[in-house]
Amino acid sequence: QVQVVESGGGVVQSGGFLRLSCEASGTFISIHSMGWYRQAPGKQRELVANMVIGGPTTYADSVKGRFTISSGESEHSVYLQMNNLRPDDTAVYYCNVQANHYIGSIVTNDYWGQGTQVTVSS
């Protein structure tokens, strides 16, 4: 089992900034990747940024140059620094964790946090 908890959401004005935090805990061998997704009202959930531990990092085109994903003190935590926020960044942001387990063999499962609301006012 893996628990994923996000925090750091809030209400900011256009041009402002926020830093989201995500931490994974539980039983797993290692973390394959950690990333951020968001879902705005009436829209499907979309990738914001994803970081493969020890591998590549990807960003959605809409956030390149404004958002930065980074690891915390361990591979079990990740941050999302969001600068120059825009009203269309308003969404619920979810942390995604892909964790490796040993169940007879190595398997990788997906886990999601509860979401944290980000609201950007114009």
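This structure is a prediction, so every number in the text was calculated from the model and none was measured.
- Remark: Arg45 is positioned above the aromatic ring of Tyr94, its terminal NZ or CZ atom under 6.0 angstrom from the ring centre and at most 45 degrees off the axis.
- Contact of the Val78 side chain with the Cys22 side chain is registered, since non-hydrogen atoms from C-beta on lie closer than 4.5 Å.
- No donor-acceptor pair closer than 3.5 Å links the side chain of Ser30 to the backbone N or O of Asn100.
- At distances below 3.5 Å, not a single donor-acceptor pair connects side-chain atoms of His101 with backbone N or O atoms of Ile29.
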| said: Between Glu23 and Val5, is the side-chain contact (heavy atoms from CB on, under 4.5 Å) condition met? List the steps. | reply: CA-CA 6 Å; Glu23 186 168 1; Val5 179; 5.5 Å; no
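- Within the structure, ring-ring contact (aromatic ring centres under 6.0 Å, His included) contacts touching residues 34-57 (residues at least two apart or in different chains) are Tyr37-Trp112.
- The two residues Gly115 and Val92 come nearest to each other via the heavy atoms CA-CG1, 3.8 Å.
- Side-chain contact between Leu18 and Val118 is present, with at least one heavy-atom pair separated by less than 4.5 Å.
- Ring geometry, Phe67 versus Tyr93: the interplanar angle falls from 30° to 60°, so the pair is classed tilted.
- Ser62 approaches Arg86 most closely through the heavy-atom pair O-NH1, 4.1 Å.
- To the nearest 0.5 Å, atom CG of residue Leu85 and atom OG of residue Ser14 are 8.5 Å apart.
- Judged by distance alone, the side chains of Asp110 and Asn96 do bring a donor and an acceptor atom under 3.5 Å apart.
- In terms of modelled atom types and a separation under 3.5 Å, the side chain of Gln117 and the main chain of Gly9 share no donor-acceptor contact.
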| said: Using the rule given for side-chain contact (heavy atoms from CB on, under 4.5 Å), can you reason through Thr27 versus Val2, listing the C-alpha separation, both sets of side-chain angles and the distance that settles it, and then say yes or no? | reply: CA-CA 6 Å; Thr27 303; Val2 177; over 6 Å; no
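- A distance of 6.0 Å or more separates the ring centres of His32 and Tyr111.
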| Yes or no on side-chain contact (heavy atoms from CB on, under 4.5 Å) for His76 and Ile31, after CA distance, side-chain angles and deciding distance? | CA-CA 7 Å; His76 308 320; Ile31 299 295; 3.7 Å; yes
| Audit row: Gln98, Ser33, side-chain hydrogen bond (donor to acceptor under 3.5 Å, both in side chains) steps and yes/no | CA-CA 5 Å; Gln98 293 191 329; Ser33 66; 3.2 Å; yes
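- Under a 3.5 Å cut-off, the side chain of Glu6 and the backbone N or O of Cys95 do form a donor-acceptor pair.
- Distance check: Thr68 OG1 to Arg19 CZ gives 11.0 Å after rounding to the nearest 0.5 Å.
- A search for salt bridge (charged side-chain N to carboxylate O under 4.0 Å, His left out) contacts involving Arg66 returns Asp89, not counting sequence neighbours.
- Taken to the nearest 0.5 Å, the CD atom of Gln81 stands 9.0 Å off from the CG atom of Leu20.
- Of all the heavy atoms in Arg38 and Ala91, the pair that sits closest is CB-CB, 3.8 Å.
- For the pair Leu80/Val48, a side-chain contact is recorded, criterion being any heavy-atom separation below 4.5 Å from C-beta on.
- One finds the CE atom of Met34 at 6.5 Å from the OG atom of Ser77 (value rounded to the nearest 0.5 Å).
- For Tyr79 against Gly72, the heavy-atom pair with the smallest separation is CE1-CA, 3.6 Å.
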